[in-house]
Trainee: 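Right, I'll just put the structure down here and ask away after.
To find a chain, count down the sequence lines: A is the first, B the second, and so on, and within it residues start at 1.
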Amino acid sequence: MNVLSCSTNTLKGLYDISGVEVGQHFYWQIGGFQVHGQVLITSWVVIAILLGSASIAVRNPQTIPNDSQNFFEYVLEFIRDVSKTQIGEEYGPWVPFIGTMFLFIFVSNWSGALLPWKIIELPHGELAAPTNDINTTVALALLTSVAYFYAGLTKKGLSYFSKYIQPTPILLPIHILEDFTKPLSLSFRLFGNILADELVVVVLVSLVPLVVPIPIMFLGLFTSGIQALIFATLAAAYIGESMEGHH
Amino acid sequence: MAKMIVASSSSCKTQIPPPLSAPKPKQQQPNSLPQATLPLPKLRLPKPLAALSPKSLPLLAAAAAASSAALLAQPLPALAEEIEKASLFDFNLTLPIIAGEFLLLMFALDKVYFSPLGNFMDQRDAEIKEKLSGVKDTSQEVKQLEEQAAAVMRAARAEISAALSKMKKETQVEVEQKLLEGRRKVEAELQEALAILESQKEETLKALDSQIAVLSQDIVNKVLPVK
């Protein structure tokens, strides 16, 4: 807790030097509720990229795939592979969920690193990766929780809850705690990594504008991909775990 | 879960002492204090706020919160303006909107990408497998054809050899006939020649008989000179 407040303090210091806009939002009012406009704008762009490229590439599938179709087939096989290793033989219905999770997070992260969002000036706050906002990551993590509960309940009915006392009833509190820590760790891992990555790049650019930030940027691209993979793999693992039989 | 987190952030906004929920929201409260407290109504006076909040906290969190408040005390007045706007852990309607967007994206991508391309790939796999097994079948066909070809070849060979042997026999008969004829001819000629020879021999002998008397007379005359 102290560490966190300390780090926010140091962040504030750095923030003064570099003019980084941390935790500032471009607020919209929707029916008395506040909404982070910059997150929604970037998420729409990400969704448009995903749907547009997918529909163009897959519009007319060829038996011998052309380049873009080949790429999308590769991605689909990768997603199927991840789902299959984590969930098992009944992975079929979960491919859209895992795949969308992976692609959305991946394209969001890379859009934060690659797209020149900063060109577009907002009256308040700035455009960045949608995963840079805690709302997005918590939303995704909660959907994962709902998904694994849904998977367990449809597979086994109410006997799904018997796994809470499975080896021994003593573990009941720990099992219940797990249901809270899973989405918490998922969302904060993604949020922290992406925010920290973008902050490091911005701060370095403001301090040393040439050459030095480049390796960090590549590291950022790498981290972004890894985070997307981790999120999708863990989501699949949780789903698989709630679907597997008792021992 | 969502409700808990949202409740935690909203509870520190409205400054209600935390209810009997889990310790997690209490932990978050001091974190979000500097930032999350600010955006809504009571962001007027950050300093008394920071001083006030430890009172409302349970004893356990009080010490930590006090230290964080002490840390915050210095930068707060200077950065009051900026901090007012900054809120990292600011939960609001964005969360359900993003969740809805994600679900829509999931259905759309499933319609556009996952299902069509997945089905297409599966279908192609099945086709290729079918074709592969079809190739195995044709290899059997090829075997049959090869056997047929071998049978045809064997039949042809047999036919040829039969024809050959037949021809051979025929020619042999012919040759033998001719040979026989020739032999007969030769024998006849031989007989004839022998007969001629015999007759000539007899003639010569007859001539010799007639000459013998003369010759013997000559010899006697020569040996016995009788004058």
Trainee: Do you know which two heavy atoms are closest between A:Asn135 and B:Phe91, and how far apart they sit?
Mentor: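 Taking A:Asn135 first and B:Phe91 second, the nearest heavy atoms are OD1-CA, 3.4 Å.
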Trainee: Between A:Phe72 and B:Tyr113, is the ring centre distance below 6.0 Å?
Mentor: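 Under 6.0 Å, so yes.
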Trainee: Treating B:Ser115 as the side-chain partner and B:Lys111 as the backbone partner, does any N or O pair qualify as donor plus acceptor under 3.5 Å?
Mentor: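 A pair under 3.5 Å: no.
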Trainee: Heavy-atom cut-off 4.5 Å, strictly under: side chain, backbone, both or neither for B:Ile97 against chain A?
Mentor: side chain
Trainee: Test your reading of the model: is there a side-chain donor-acceptor pair from A:Gln29 to the backbone of A:Gln34, 3.5 Å cut-off?
Mentor: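 It does not hold such a pair.
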Trainee: What do you reckon, is CZ of B:Phe107 surrounded by more than 12 foreign heavy atoms closer than 6.0 Å?
Mentor: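 Not more than 12 within 6.0 Å, no.
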Trainee: With a 4.5 angstrom heavy-atom cut-off, could you sort out which part of A:Arg80 is near chain B: side chain, backbone, both or neither?
Mentor: side chain
Trainee: Non-hydrogen atoms of chain B under 4.5 Å away: do they reach the side chain of A:Gln62, the backbone, both or neither?
Mentor: backbone
Trainee: Which bit of A:Val58 is near chain B, if near means a heavy-atom gap under 4.5 Å: side chain, backbone, both or neither?
Mentor: side chain
Trainee: Which of the residues B:Leu109, B:Leu105, B:Asp110 is involved in the greatest number of heavy-atom pairs with chain A at under 4.5 angstrom?
Mentor: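 Of the candidates given, the most pairs with chain A belong to B:Leu105.
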Trainee: Specify which of B:Leu117, B:Ile128, B:Val112 makes the most heavy-atom pairs with chain A at under 4.5 Å.
Mentor: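 Top count of heavy-atom pairs under 4.5 Å with chain A: B:Leu117.
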Trainee: Is there a donor in the side chain of A:Asp81 and an acceptor in the side chain of A:Tyr91, or the other way round, less than 3.5 Å apart?
Mentor: no
Trainee: Please look at B:Met121 and chain A and tell me whether the side chain, the backbone, both or neither of the residue comes under 4.5 angstrom of a heavy atom of that chain.
Mentor: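 When you check distances to chain A, only side chain atoms of B:Met121 fall under 4.5 Å.
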Trainee: Is chain B contacted by the side chain of A:Leu140, its backbone, both, or neither, given a heavy-atom distance below 4.5 Å?
Mentor: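 For A:Leu140, side-chain heavy atoms alone lie under 4.5 Å from chain B.
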